[in-house]
Amino acid sequence: MAQSKKKVNWSELCPDLVRCVFEQLSFTNLKRGRLVCSSWRTALRGCVPKHDRDKVYKTRDLGADFVKSSCLATYGSWLLMLDTRWNLYILNPLTGERIDLPTTDYARYQRRPSDDIKPRDLVACLWVDDRSKDYLVACEMCYPVFTKKGNHSWRRFGEGGYKQMVYEHMSQKLYVRRYNSYPVKVWSFCGDDPQQVFEDNYPPVEYAFWDFLRKDDEELYLKEEEFYVKEYVDSRLYIAVSTVSRQVLKVVNVLQKSKRWLFLVYKMHPVELTWEVVDSLGDEALILDIGITVVAKDIPGIKRNSIYFSGLDDGRKNPDHIFVFDLTTHEIEPLPQCVFSSVHFSDARWFFRV
C-alpha cells in the first residue's frame, strides 16, 4: 500500500537554513520572504544578501514620472512621492508596486502654491501595511489633510502649521508638533473622523536649552542660563515612536558655539501623560529625521543607544553633516561609511527595509 506523502510545513524550516538561502538572493526576494510567515520574518531580521553588502543597490527603471517627482516621506521600502502636477502617490522602488492617491486640490484646480513653497518644505508622514496594502498618508499642504485606503478624497484635520508628523499604526494615532518648542498634539484616527485626544503641557519657549538647566538651585540656574544663552546657536524639538515598545518619545537638541551638541530624550508616562527623561535607548537606535527607532543589531553599521541626526542643513546634500550622538558617552561621531551611499545625490532621505 502506497505511503501517503507528509505535508511540508515551510514555516518550520530551520532559521539558519532560511537565512542561508535568502543571503544568496536579491533584496526584492528577501523582502518577499519576510512576508511568508512570522517565523521567516523573525529568521530574516538583519539578513543582508551577500552580493549586495557594501554596495549601491540599483532598482529597475522607474520611468520619467519618478525622475521628475520629489520624495516627501518614507516607510520601510515605500516612498511617498509628489509629481510635477502636485499629486501624491506611493511607490515601492524594490518591487515596482505603486498606489495612486486621490487628486489634490492643487492638481484638481490646476493651481500651484506660491513660489516660496518647495516640495522639500512640505511636511508629510506615511504608513503602509506590506500584506494588506492598507495605508495612511497625512500631509501639510497649506493646511493638514489625510487619506487612507478606501477614501476617494483628501480630508482636512487640525489647524495647520505642523512641522513634523509621526504615525503609530498600532494605536492609530498621529503625533504632531507645530514649531520647535510648541506642545505635542495627538490625533486619533480610529474612527471616520480624526479626533484630537491629547495636547501636552510643555510650555512654548523660544530656546530649548531650558530643558538642560538645573531647577533645584536658583543661583546655579541663573549662572547656567547665562552660559547657555551666550553659547546658544540653534535648538529643535522632535517626536519619535519606538518600533519595539511603541512608546512615544520627545527629543530636544541644542547646538552650541563650541560645536557641542546636547540631547535629551523623554518618554510619555502612560497614565499621568507627563514626560519623563530617558537615560538609555537600550538596544535601539533613534533615526531622528524620520521619527522612529530601529533595533541596532538588525541593521549592519547601526550603533545601539545612539541618535542618528542631521545638522543644520538637514544633511541631505552632504553626508558629512549627518552625525551619530552616543547616549552613553554623550559624544558626537561621524556617520559610518557603510550607512550612506558612495554616490553623491542632490537630495537624499533615510530608507529602511522592514
Side-chain angles (χ1 to χ4, degrees), residues 123 125 161-171 173-188 196-217 220-221 224-225 228 231-256 260-296 302-311 323-332 350:
V123 176
C125 75
Y162 297 144
K163 297 301 179 183
Q164 187 189 12
M165 302 178 181
V166 177
Y167 183 66
E168 204 292 290
H169 69 275
M170 296 294 288
S171 62
K173 290 180 180 176
L174 181 71
Y175 297 83
V176 300
R177 65 173 177 83
R178 295 190 64 195
Y179 300 102
N180 280 356
S181 299
Y182 270 71
V184 174
K185 297 184 178 182
V186 184
W187 288 84
S188 173
Q196 182 178 318
V197 295
F198 175 74
E199 178 177 345
D200 74 10
N201 56 3
Y202 190 80
V205 296
E206 185 176 359
Y207 305 114
F209 63 72
W210 267 286
D211 286 74
F212 299 87
L213 301 180
R214 292 183 56 179
K215 314 264 190 320
D216 55 347
D217 188 318
L220 183 58
Y221 177 91
E224 287 183 345
E225 182 183 32
Y228 276 97
E231 283 289 303
Y232 179 85
V233 174
D234 190 28
S235 61
R236 296 184 185 182
L237 173 69
Y238 298 86
I239 322 165
V241 174
S242 167
T243 54
V244 177
S245 66
R246 301 296 172 186
Q247 282 186 318
V248 182
L249 305 175
K250 182 170 66 176
V251 184
V252 178
N253 74 351
V254 170
L255 173 62
Q256 297 181 327
R260 180 190 179 198
W261 287 90
L262 306 174
F263 278 87
L264 270 179
V265 181
Y266 299 87
K267 67 178 180 181
M268 184 179 289
H269 191 284
V271 178
E272 299 179 4
L273 300 180
T274 55
W275 296 104
E276 302 174 340
V277 175
V278 176
D279 296 321
S280 173
L281 294 173
D283 292 329
E284 296 175 75
L286 174 58
I287 315 300
L288 200 57
D289 295 344
I290 55 178
I292 65 168
T293 67
V294 295
V295 180
I302 296 294
K303 184 178 181 180
R304 68 180 295 278
N305 197 33
S306 297
I307 299 174
Y308 289 72
F309 71 103
S310 303
F323 306 99
V324 184
F325 182 83
D326 189 318
L327 278 171
T328 302
T329 64
H330 294 270
E331 297 292 334
I332 292 291
W350 287 95

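Positions are given from 1 along the sequence. Since we're looking at a predicted model, the values are computed, not measured.
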> Counting only N and O atoms by type, is there a donor-acceptor contact under 3.5 Å from the side chain of D326 to the main-chain atoms of E331?
Replying inline: no
> To the nearest 0.5 Å, what is the distance between CZ (F325) and CH2 (W261)?
Replying inline: 11.0 Å
> To the nearest 0.5 Å, what is the distance between CD1 (I287) and OG (S310)?
Replying inline: 10.0 Å
> Is any side-chain heavy atom of L249 less than 4.5 Å from a side-chain heavy atom of L281?
Replying inline: yes
> Which atoms form the tightest heavy-atom contact between D234 and R236, and what is the distance?
Replying inline: OD2-NE, 3.3 Å
>> Quick one, V248 and F198 - any side-chain contact, counting heavy atoms below 4.5 Å?
In response: no
> Among M165, Q196, H169, whose side-chain contact (heavy atoms from CB on, under 4.5 Å) with L174 holds?
Replying inline: M165
> When rounded to the nearest 0.5 angstrom, what distance separates CD1 in I302 from OG1 in T293?
Replying inline: 11.5 Å
> Do R304 side-chain atoms and G282 backbone N/O form a donor-acceptor pair below 3.5 Å?
Replying inline: yes
>> Do E284 and S242 make a side-chain contact, defined as non-hydrogen atoms from C-beta onward lying under 4.5 Å apart?
In response: yes
>> Can you confirm if the aromatic rings of F309 and Y238 lie within a centre distance of less than 6.0 Å?
In response: no
> If you round to the nearest 0.5 Å, how far is CG of L264 from CG of L327?
Replying inline: 9.5 Å
> If you measure from CD1 on I307 to CG on L286, what distance do you get to the nearest 0.5 Å?
Replying inline: 5.5 Å
>> For the NZ atom of K267 and the CD atom of Q247, what is their distance to the nearest 0.5 Å?
In response: 5.0 Å
> Among K185, E168, Q164, K250, whose side-chain contact (heavy atoms from CB on, under 4.5 Å) with Y175 holds?
Replying inline: E168
> Closest heavy-atom contact between V295 and V244?
Replying inline: CG2-CG2, 3.6 Å
> Is the backbone N or O of L262 less than 3.5 Å from a side-chain atom of N253, with the two atoms forming a donor-acceptor pair by type?
Replying inline: no
> Looking only at atom types and distance, does a side-chain atom of R177 sit under 3.5 Å from a main-chain N or O of L237, one as donor and one as acceptor?
Replying inline: yes
> Partners of K173 by side-chain hydrogen bond (donor to acceptor under 3.5 Å, both in side chains), sequence neighbours excluded?
Replying inline: none
> Which atom pair, heavy atoms only, marks the closest approach of K303 to Y308?
Replying inline: N-OH, 2.7 Å
